Amino acid sequence: MKPQDIIKEKSSLWIFGYGSLVWKPDFAYKRSKIGFINGYKRRFWHGDDFYRGDKDNPGRVVTLVADQEACTWGIAYEVTDSQIEDSLEYLNMREAVLGGYVTEMVEFNPREKGQGPVLALVYIATSDNPIYLGPASDNEIAAQIAICSGNTGHNIEYLVRLAEFMRHYCPEVEDEHLFSIEAAVLTTFRDCGGFKAPDQKSLPLGAI
């Protein structure tokens with residue numbers, strides 16, 4: 001799906017974020033909502049050789065994997081008018097060109113009572129991507145995350161910020177995959193003298 005096809009004849013578009021977009025959208029938007037999509041599970045199965053890793057040591061970041069029994073929580077951002085083209089141009093570089101993600105349209109369900117589902121654009125990395133890493137044990141993923149860093153920071157920061165978003169803004173949700181990897185990484189660093197999680201005040205969620 002090309003950006004120009006997405007924005008054709010649209011005055012409003014929802015964009016669903018489930019990874020770094022939950023704390024760092026970096027594009028202008030009208031409003032945002034916490035909620036979930038069905039039919040996908042979030043997994044640290046995609047490689048990152050730019051933002052959270054490099055060519056020699058790619059980091060691990062999340063993608064979505066089809067699973068009819070699963071749901072994934074995150075944030076949907078509504079962009080309107082000129083924000084649509086600007087946000088898609090920015091996200092195409094961030095997610096598609098540098099990240100290897102492709103776009104899909106999914107049904108987003110807001111957590112707020114009385115709010116019906118909306119169609120939202122989402123970025124997904126699939127197994128045919130050359131930097132796709134695929135499944136591994138929690139400890140193997142944690143060990144890889146623990147040693148990787150890239151242009152925007154350490155891979156650990158990515159993991160911890162995502163876990164803290166879920167813990168603070170979706171406390172009713174038990175994301176076993178995410179929290180198990182977080183626990184494995186933090187145990188490693190605790191044994192080495194400790195690791196301080198990012199300050200939650202820096203999460204840009206005031207519009208929610």
Side-chain angles (χ1 to χ4, degrees), residues 1-3 5-8 10 12-25 27 29 31-48 52 59-79 84 87-88 91-92 94-96 99-138 141 145 158-159 161-182 205 208:
M1 187 181 301
K2 298 179 180 179
D5 296 329
I6 298 168
I7 65 176
K8 190 176 182 180
K10 279 185 176 292
S12 175
L13 174 70
W14 288 90
I15 299 170
F16 179 65
Y18 58 91
S20 61
L21 286 179
V22 304
W23 74 83
K24 190 178 175 60
F27 57 83
Y29 56 91
R31 56 179 172 160
S32 60
K33 295 178 181 291
I34 292 176
F36 63 91
I37 62 172
N38 287 312
Y40 292 94
K41 57 188 178 185
R42 176 170 39 214
R43 290 292 184 268
F44 277 85
W45 289 3
H46 189 46
D48 183 346
R52 300 292 178 172
R60 276 191 179 259
V61 292
V62 291
T63 185
L64 295 178
V65 178
D67 183 340
Q68 293 304 310
E69 303 300 317
C71 73
T72 296
W73 285 76
I75 300 179
Y77 301 94
E78 184 185 22
V79 291
I84 299 175
S87 62
L88 290 179
L91 289 172
N92 181 62
R94 171 175 166 172
E95 305 294 339
Y101 290 76
V102 297
T103 54
E104 298 285 350
M105 297 300 292
V106 295
E107 185 176 86
F108 170 77
N109 301 277
R111 183 171 61 186
E112 300 172 63
K113 292 183 179 180
Q115 298 288 320
V118 296
L119 281 178
L121 178 74
V122 67
Y123 289 82
I124 301 174
T126 60
S127 59
D128 58 2
N129 192 292
I131 56 174
Y132 190 84
L133 297 176
S137 70
D138 292 347
I141 293 174
I145 289 173
Y158 177 101
L159 166 70
R161 283 188 179 274
L162 182 54
E164 289 303 299
F165 161 77
M166 288 297 297
R167 191 170 287 114
H168 282 77
Y169 295 95
C170 309
E172 71 277 20
V173 181
E174 177 59 37
D175 192 321
E176 183 178 352
H177 176 77
L178 173 62
F179 293 148
S180 294
I181 294 170
E182 180 202 32
L205 300 176
I208 294 172

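Since the structure is predicted, the reported quantities are computational estimates derived from the model, not experimental observations.
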Quiz item: Should T72 and V62 count as side-chain neighbours, where that means a heavy-atom distance under 4.5 Å?
Solution: no
Quiz item: Under the side-chain contact (heavy atoms from CB on, under 4.5 Å) criterion, do E112 and K33 qualify, and how do the steps go?
Solution: CA-CA 8 Å; E112 300 172 63; K33 295 178 181 291; 3.0 Å; yes
Quiz item: Would L159 and L178 satisfy side-chain contact (heavy atoms from CB on, under 4.5 Å), going step by step from the backbone distance to the final call?
Solution: CA-CA 8 Å; L159 166 70; L178 173 62; 3.9 Å; yes
Quiz item: Would you call R161 and E164 a salt bridge, taking side-chain N to carboxylate O under 4.0 Å as the test?
Solution: no
Quiz item: Taking the six-membered ring for Trp, are the ring centroids of Y77 and Y29 within less than 6.0 Å of each other?
Solution: yes
Quiz item: So do Y40 and T63 actually touch side chain to side chain, heavy atoms under 4.5 Å?
Solution: no
Quiz item: Side chains of R94 and S20: donor-acceptor distance under 3.5 Å anywhere?
Solution: yes
Quiz item: Got L21 and E95 here, is their nearest side-chain heavy-atom distance under 4.5 Å?
Solution: yes
Exercise. Could you check Y158 against V61 for side-chain contact (heavy atoms from CB on, under 4.5 Å), going step by step and ending with a plain yes or no?
Key: CA-CA 8 Å; Y158 177 101; V61 292; 3.5 Å; yes
Exercise. Determine yes or no for a side-chain-to-main-chain donor-acceptor pair under 3.5 angstrom, with H46 supplying the side chain and I124 the backbone.
Key: no
Quiz item: W14 versus M105: any side-chain heavy-atom pair under 4.5 Å?
Solution: no
Practice problem: Measure across F16 and G35 and return the closest heavy-atom pair with its distance rounded to 0.1 Å. | Solution: CE1-O, 4.2 Å
Quiz item: In Å, rounded to the nearest 0.5 Å, how long is the span from CG of N129 to OH of Y101?
Solution: 9.0 Å
Quiz prompt | Trace of the side-chain contact (heavy atoms from CB on, under 4.5 Å) decision for I37 with L64 | solution = CA-CA 10 Å; I37 62 172; L64 295 178; 3.7 Å; yes
Quiz item: What's the spacing between Y18 OH and M166 CE if we round to 0.5 Å?
Solution: 14.0 Å
Quiz item: Does the side chain of R42 come within less than 4.5 Å of L162's, by heavy atoms?
Solution: yes
Quiz item: Roughly how far, to the nearest 0.5 Å, is CG of N109 from CD1 of I34?
Solution: 14.0 Å
Quiz item: Is any side-chain heavy atom of S12 closer than 4.5 Å to a side-chain heavy atom of E78?
Solution: yes
Quiz item: Within 45° of the ring axis of Y169 and under 6.0 Å from its six-membered ring centre, is that where the NZ or CZ of R111 lies?
Solution: no
Quiz item: Do you know the tightest heavy-atom contact between H177 and W45?
Solution: CE1-NE1, 4.2 Å
